[in-house]
Amino acid sequence: MTNQKPLLSKFLSFLLLSLSLCGYEPLMMANELIPIGVVLDLKSSVGRVAERYMSMALSDFYAVNHNYSTRLSLLTKDSGNDVIAAAFAALDLMKKEVQAIIGPQGSAQARFVIELGRKAQVPIISFSATSPSLSPSQNKFFIRVAQDDSAQVKAIADIVKAFGWPEIVLIYEDTEYGNSLIPHLMDALQVIDTRVPYRCVIPPSSNNTEIIKELNKLKENYIRIFLVHMTASLGSKLFALAKNAEMMSEGYAWMVTEGLSSLLDPMSSKVIDSMQGVLGIRPYLNPSKHLEDFERKWKRNLTSIQAKIKSTTSLNLFGLWAYDTIWALAMAVEKAGMHSRFFKQNASGFNADLAALDIFENGTRLRNTIVNTTFEGLSGNFGLVNGQLEPSTFEVFNVIGKTEINIGYWTPQRGFSKDLKDSSEKAYSTSKDKLKPLIWPGYTIHQPPSRLRIGVPVKNGFTEFVKVEWNSSTDDTPNVSGFSIEVFFAVRDALPFPLSHEFIPLRLRNGSYHYEIETKKFDAVIGDIAIIANRAKYFDFTLPYMESHVQMVVSVKHDERKSLWIFLRPLSLNLWLTTGVAFIFTGFVIWVLEHRVNTEFRGPPAQQLGLIFWFSFSTLAFAHREKVVNNWSRFVLVIWIFLVLILTQSYTASLTSILTVQRLQPTFVDVKEIKKNGYFVGHQKNSFVKELLKEQLDIQESKLKPYETPEEYHEALSNGTHNGGVAAIFDEIPYLKIFLSNYPSKYTTVGPLYQTDGFGFAFPQGSPFVPHMSRAILNVTQNRSKIQAIENKYFPSQLTCEDQNTRISPDSQSLGVDSFGGLFLIAGIASVVSLLVYVFKLFYSHWPVLSDNNPTDSCWSNLVKMAKHFDQKDLSSHFFKGEESRVHVVANPEVSEPSPGIDDMQNHTRNSTKGSDDVVIHDDNGSLSSSSRHGDASM
């Protein structure tokens, strides 16, 4: 190496002298060449363009900076797009003591070369290795003068969100460059609820047959939205074959990432023709005078080299980054005062070349200088953050004709905008309205919709929900209609994106949708599908568009208004018995309280017994003639009359309701009665209700019978369980409404409601359409006028089960004891208290006298005497005193006023009659009569 330096110095002196004689003054000041290695794939369009751009960059830089004491000397090696060749090329350059290496071109090649650079401490500068797996922060001597591929992920996700694509297919090449971006894309798409059901991976070595095979797989899928992430060589082949497969026609949408977008210009016109309508993003090039001057120079010099590099006149982004790389490296070398100072590595290894690899003493200083270098480059402001270019504005374009048409911009701060200079809106936007109109594949302005294969169940009964018909025997296209289909159309129109669909008749297998959805035969099932937990194990449901519960329907009995005993219906049996007991007890209490003080409650035993019944029952019509004189009797009677008033009014209202409103009396009111008697139960064929009856209600499968149509329901219930029919049918309420609307007076629903979550649409698990469809269902169902119009169209005269229930509940028509328990309690307490007080006073006044008169009598004898005493009149009462006064007035009619000796006469009368049985009284007719009296009247 040292022997070559004198020769090199002599050669440089001769070269400078020759150039000075030819008029190249700027080179007179250069006194040291700095060797820089370049590793490119010179057979690729990027490699050829980059080599030319770097050559122009050297000329332009030193034309401006002719006073620099250093000059870059580029030593170029061809990697041939091979990882091993790139590694050997880099190793060979390091042996030549290059102070930095530009390249290699691919991410896979760069991974090996970066490791060599780390060992030799030589900066590896790449303008095209954009894989996110290559991180400058993890590799100190790796510098990326380009944007990381992951910088475009947020912009791609916003485009997908703007056009409302719920699903998208990723197509990428099976290389380090292709695979490393996919995890970042998946995460970003997951945030916006966009599903990636399929990923198409194409190796770079694939031939046309293999690519066509993959395209045919995509064509058979229902998804028509594709995102392509691959290099220009493979991408151009893919789009050409996609056009031949008619996948660049109307109904498809294609989008390309930055790597392919930045390389459209070098592609042939044939490839561009196959990409019409493609949507893409790429870093935005900010116009500048420097860029305009370079473009003019490029076009002027292009004529002589175009045949060699096969390039177009448009600028190439990777070439511009290569151009800026030369400028940044030239500045850093001059600023760092670099010299070729290597020293031998004192290490040994199995590989002789690696063991002998020199370490660049100033590698760290050069690397730090490059990272801190800033200037205005052709691609924009040059400034490295964490060892790579900082993400900036992206341009959104549409391939139309021979060029790409700009339709908007995306920035991390504002999202989409049509004009970067428009600062009126500062809010972040992901709306497609912020983009200009574009042309889709097939030269259409209509956004390609997602296309779904929708299964619709074929049933013989209850076709109001889903009806599948064929126009003719030779026509394979079904005509699908019904309430559920109409709701689906309304929901589809409410989606934020267009949705194309194909209805496919679906014949159920034992009532199951699992097989068809799990095998991806259908992308959704639309119809009257009940949302239940067992089905949720296999697929996802939308929000329900109609409520649904399971209930029992049974036959009704004859009209009980024609019954002879209808008048007993207002009150329950318990209330009738309770009322009867209360009547008798109240009558008895009043008789006890009035017997000794009121002649109207006295007489022969049969008369008194009849009075007990008569008096209390006569209060129903307030027709009792007997007067009560005891205050306790009046207290009891006031409360009792209030109770009777409430009871009679309630009875009248209930009886009126029974006689004026039609009542449907069900034959069965509880499924327990049906189970107990072993009766048959019906259900709809291919319905989950069968499992509900077996598992929740514990009905044996042998007692279950399936039916399909309302007519079959009618026949089974009419025949009854003993004539080949059933005692009851269980089904969901929407079906029962239809059945009852056809037979409103013959059947009715009874019993509890068994919970389900209603009717919804079924999708495969994880389908991105579910949240979109659910939100659209909410919009439709909350628009009551719209959903009501659909219901009226298919259910014009439907009877609601709520109306049925108001006419059914037989037990609720009869008033029970619970309704009047408080009143009965109050009346009972009043009666008992009054009776106890009266008995206590009676015993308290007369029991001691009886005990003193006959001390030897037994307790039973005293009780008998008390009973006889109770049967006697209490002449000390106010009522009997008034009667005696009226007797004397009748006996002496000429005496209108009491004489001064009236008291003596009354006393004489009492004494003379003491022990007598006859008392003269005045009856109601004014005649005198005698009454029998026993015992001591003073009591």
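When a residue number appears, it is its place in the shown sequence, counting from 1. These numbers come from a predicted model, not from an experiment. Reckoned from all heavy atoms, side chains included, excluding hydrogens, waters and symmetry mates.
- Taking 4.0 Å as the cut-off between side-chain N and carboxylate O, K297 and D293 do not count as a salt-bridged pair.
- Around CD of Q447, the count of heavy atoms belonging to other residues, nucleotides or ligands within 6.0 Å exceeds 12.
- In this structure, a donor-acceptor pair under 3.5 Å is absent between the side chains of Q276 and K243.
- Checking side-chain atoms of S261 against main-chain N and O of I281 turns up a donor-acceptor pair under 3.5 Å.
- Listed here is the closest heavy atom pair of P166 and H772: CB-CD2, 4.0 Å.
- Around atom NZ of K161, no more than 12 heavy atoms belonging to other residues, nucleotides or ligands sit under 6.0 Å away.
- Counting only distance, with no hydrogens or angles, the side chain of S274 and the backbone of A242 share no donor-acceptor pair below 3.5 Å.
- Formation of a donor-acceptor pair under 3.5 Å by the D540 side chain with backbone atoms of A762 is not found in this model.
- Side-chain contact, R111 with S133: a donor N or O sits under 3.5 Å from an acceptor N or O.
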Quick one, Y428 with D158, criterion side chain to side chain contact (heavy atoms under 4.5 Å, CB included). Give me CA distance, side-chain angles, the key distance, then yes/no. CA-CA 11 Å; Y428 192 90; D158 282 352; 2.4 Å; yes
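- Between the side chain of R48 and the main chain of D41, no donor-acceptor pair closer than 3.5 Å is present.
- Side chain of S249 to backbone of E246: a donor-acceptor contact under 3.5 angstrom is found.
- Distance alone, capped at 3.5 Å, is enough to place a donor-acceptor pair between the K219 side chain and the A245 backbone.
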Residue pair F489, V491: steps toward the side chain to side chain contact (heavy atoms under 4.5 Å, CB included) verdict: CA-CA 5 Å; F489 289 152; V491 171; over 6 Å; no
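- Residues P448 and E250 have side chains not in contact (no heavy-atom distance under 4.5 Å, counting atoms from C-beta outward).
- Within a 6.0 Å sphere centred on CD of E210, other residues, nucleotides and ligands contribute more than 12 heavy atoms.
- For the pair D149 (side chain) and L181 (backbone), a donor-acceptor distance under 3.5 Å is absent.
- Residues L227 and I171 fail the side-chain proximity criterion, which asks for heavy atoms closer than 4.5 Å.
- Listed by chain and residue number, Y409 satisfy the ring-ring contact (aromatic ring centres under 6.0 Å, His included) test with Y284 (two or more places apart in sequence, or in another chain).
- Between V196 and M186, some side-chain heavy-atom pair lies under the 4.5 Å cut-off.
- Formation of a donor-acceptor pair under 3.5 Å by the S206 side chain with backbone atoms of I202 is not found in this model.
- You'll find the side chain of M255 stays beyond 4.5 Å of the side chain of V228, heavy atoms only.
- Taking the ring centre of F397 as origin, the terminal cationic atom of R282 falls inside the region bounded by 6.0 Å and 45° from the ring axis.
- Counted within 6.0 Å of NZ on K432, heavy atoms from surrounding residues, nucleotides or ligands total more than 12; the atom is thus considered enclosed.
- A side-chain N or O of S392 and one of Q147 form a donor-acceptor pair less than 3.5 Å apart.
- E214 has a carboxylate O that lies under 4.0 Å from a charged side-chain N of K217, or vice versa, which qualifies the two as a salt bridge.
- Side chain to side chain, S44 and Q105 meet the donor-acceptor criterion of an N or O pair below 3.5 Å.
- In this structure Y545 satisfies the ring-ring contact (aromatic ring centres under 6.0 Å, His included) test together with F761, sequence neighbours excluded.
- Under the 4.5 Å side-chain criterion, counting only non-hydrogen atoms from C-beta, F142 is in contact with L134.
- Checked by atom type, the side-chain pair N783/T781 shows no donor-acceptor distance below 3.5 Å.
- A side-chain donor-acceptor contact under 3.5 Å links S236 to the backbone of A232.
- Proximity of L215 to L241: side-chain heavy atoms (C-beta onward) are separated by under 4.5 Å at one or more points.
- Relative ring orientation between F163 and W165 is described as parallel, the plane-to-plane angle staying below 30° on a 0-90° scale split at 30° and 60°.
- At least one side-chain heavy atom of L40 sits less than 4.5 Å from a side-chain heavy atom of V38.
- Side-chain contact check for Y53 and D324: no donor-acceptor pair (N or O, by modelled atom type) lies under 3.5 Å.
- Side chain to side chain, S150 and H184 fail the donor-acceptor criterion of an N or O pair below 3.5 Å.
- Side-chain contact between S126 and I102: absent, with no pair of heavy atoms (C-beta onward) separated by less than 4.5 Å.
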Checking side chain to side chain contact (heavy atoms under 4.5 Å, CB included) for the pair L185/Y172: CA distance, chi angles, key distance, verdict? CA-CA 12 Å; L185 277 174; Y172 56 97; over 6 Å; no
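- Aromatic ring centres of H290 and W327 lie closer together than 6.0 Å.
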Trace of the ring pair (Phe, Tyr, Trp, His ring centres under 6.0 Å) decision for F541 with F763: CA-CA 6 Å; F541 284 102; F763 288 84; 9.6 Å; no
Verdict with reasoning, K402 to D273, per salt bridge (Lys or Arg N to Asp or Glu O under 4.0 Å): CA-CA 7 Å; K402 301 296 182 181; D273 289 340; 3.1 Å; yes
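- Of the possible polar contacts, none joining the D148 side chain to the A151 backbone as a donor-acceptor pair under 3.5 Å is found.
- Other residues, nucleotides and ligands contribute over 12 non-hydrogen atoms within 6.0 Å of the CD atom of E502.
- Rounding to the nearest 0.5 Å gives a distance of 11.5 Å between OG1 of T325 and CZ of F318.
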